[in-house]
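Since the structure comes first, as structure tokens, the remarks are kept for the end.
Within every chain, numbering begins at 1; the chains are lettered A, B, ... in the order of the sequence lines, protein sequences first and strands thereafter.
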Amino acid sequence: MSLRFPASRRLRRRFFTRDPITLAMDLLGCALVWKKGDRVLAVRLVEVEAYLGEGEDPASHAWRGRTARNSQMFATGGRLYVYFTYGMHYCMNVVSGKEGQAGAVLLRAAEPLVGEALMERRRGRGGRELTNGPAKLCQAMGIDLRHNGLDLVEGPLGIWPHERPGSIVRTPRIGIRRGRELLLRFHDPVSPYVSHRSQRKPRSEH
DNA sequence: CCATAGATTGACT
DNA sequence: GTCAATCTATGGA
């Protein structure tokens, strides 16, 4: 199997400038590719979550408006929004919508396609533990705050159509309290790399 | 397989 | 001061 990601097929701006829910579903099955010189890392996205704009979604970092941390969520679709959490982890999002219109898609899990050996070195683990969670995926791909604001439409990191899932399952998002009733997590049910806690017991409401 | 505790720092109330 | 869009180790069924 020879995996090539020619510039001609790379996803362009208008793919990303749509609403976060549509973008989330269309990102499933796509390849996230890091290309720099002769080094290539690639994964197939199998689990994502949509986060909506200011005042629309209490779980979204954009809920209470623009701040220094979340400012990339208000940028044009196709940028990368990386945040630091729990004192030690990074998570990455693909920004959706038009400039000024907040929204993003959290990349939660993926299947390794190219560069698995480097991912194993970075993770200190193998198999599905490589990329079956948002912070694990960032660690495997080498993504941190330096990459916040990167444009996926050009430059070393980009997204290519790859292999669409046979079906898409829609569930509550993971690790949030408010906004649980919105079913904004999407995953490919047959992928072994989907993060394990899909049906985790929800934390009590009050 | 499941449940729980601890890690560790920055953003925000 | 509180708590987070998480992960890992550990202990039990």
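A:Met88 has its CE atom 9 Å from the P atom of B:dA7, to the nearest Å. Rounded to a whole Å, the CD1 atom of A:Ile176 is 15 Å from the C1' atom of C:dC3. Taking atom CG on A:Leu80 and atom P on C:dA5, their separation rounds to 17 Å, with Å as the unit. To the nearest angstrom, P of C:dC3 lies 12 Å from CZ of A:Arg178. When rounded to the nearest whole Å, the span between CD of A:Glu47 and C1' of C:dA5 equals 11 Å. Atom CD of A:Gln139 and atom P of C:dT8 are 7 Å apart (whole Å). The CZ-C1' distance, from A:Phe84 to C:dA5, rounds to 14 Å in whole Å. Per the geometry, OH belonging to A:Tyr51 stands 12 Å off P belonging to C:dA4, to the nearest Å.
Listed nucleotides: B:dT13, C:dT6, B:dC1. Nearest to the side chain of A:Arg128: B:dC1. Picking from C:dA4, B:dC12, C:dT6 the nucleotide with the shortest atom distance to the side chain of A:Thr67 gives B:dC12.
Distance CZ/A:Arg69 to OG1/A:Thr85: 6.5 Å, rounded to 0.5 Å.
Between A:Glu129 and A:Lys136, at least one side-chain nitrogen of the basic residue sits less than 4.0 Å from a carboxylate oxygen of the acidic one, meeting the salt-bridge criterion. Note on A:Arg44 versus A:Glu111: salt bridge recorded, some NZ/NE/NH1/NH2 to OD/OE distance being below 4.0 Å.
Partner assigned to B:dA3 is C:dT10, using Watson-Crick or G-U wobble distances below 3.5 angstrom. Base pairing analysis places B:dT9 opposite C:dA4; the two distances defining the Watson-Crick or G-U wobble pair are each below 3.5 Å.
Because its NZ or CZ atom is not both nearer than 6.0 Å to the ring centre of A:Phe74 and within 45° of the ring axis, A:Arg79 does not count as a cation-pi partner of that residue.
Here A:Arg125 does not reach the OP1 or OP2 of C:dC7: none of its side-chain N or O atoms lies under 4.0 Å away. Between A:Thr85 and B:dT9, a side-chain N or O to OP1/OP2 separation shorter than 4.0 Å is absent. Note on A:Arg123: a side-chain N or O is less than 4.0 Å away from OP1 or OP2 of C:dT8.
Nucleic acid contact class of A:Ala135 (heavy atoms, under 4.0 Å, all strands): sugar-phosphate only. Within 4.0 Å (heavy atoms only), A:Met92 reaches no atom of the nucleic acid at all.
The closest side-chain heavy-atom distance from A:Ser96 to A:Asp19 is not below 4.5 Å.
Remark: ring of A:Tyr86 does not overlap the six-membered base ring of B:dA7 in a stacked fashion, as centroids less than 5.5 Å apart with planes less than 30° apart are not both met.
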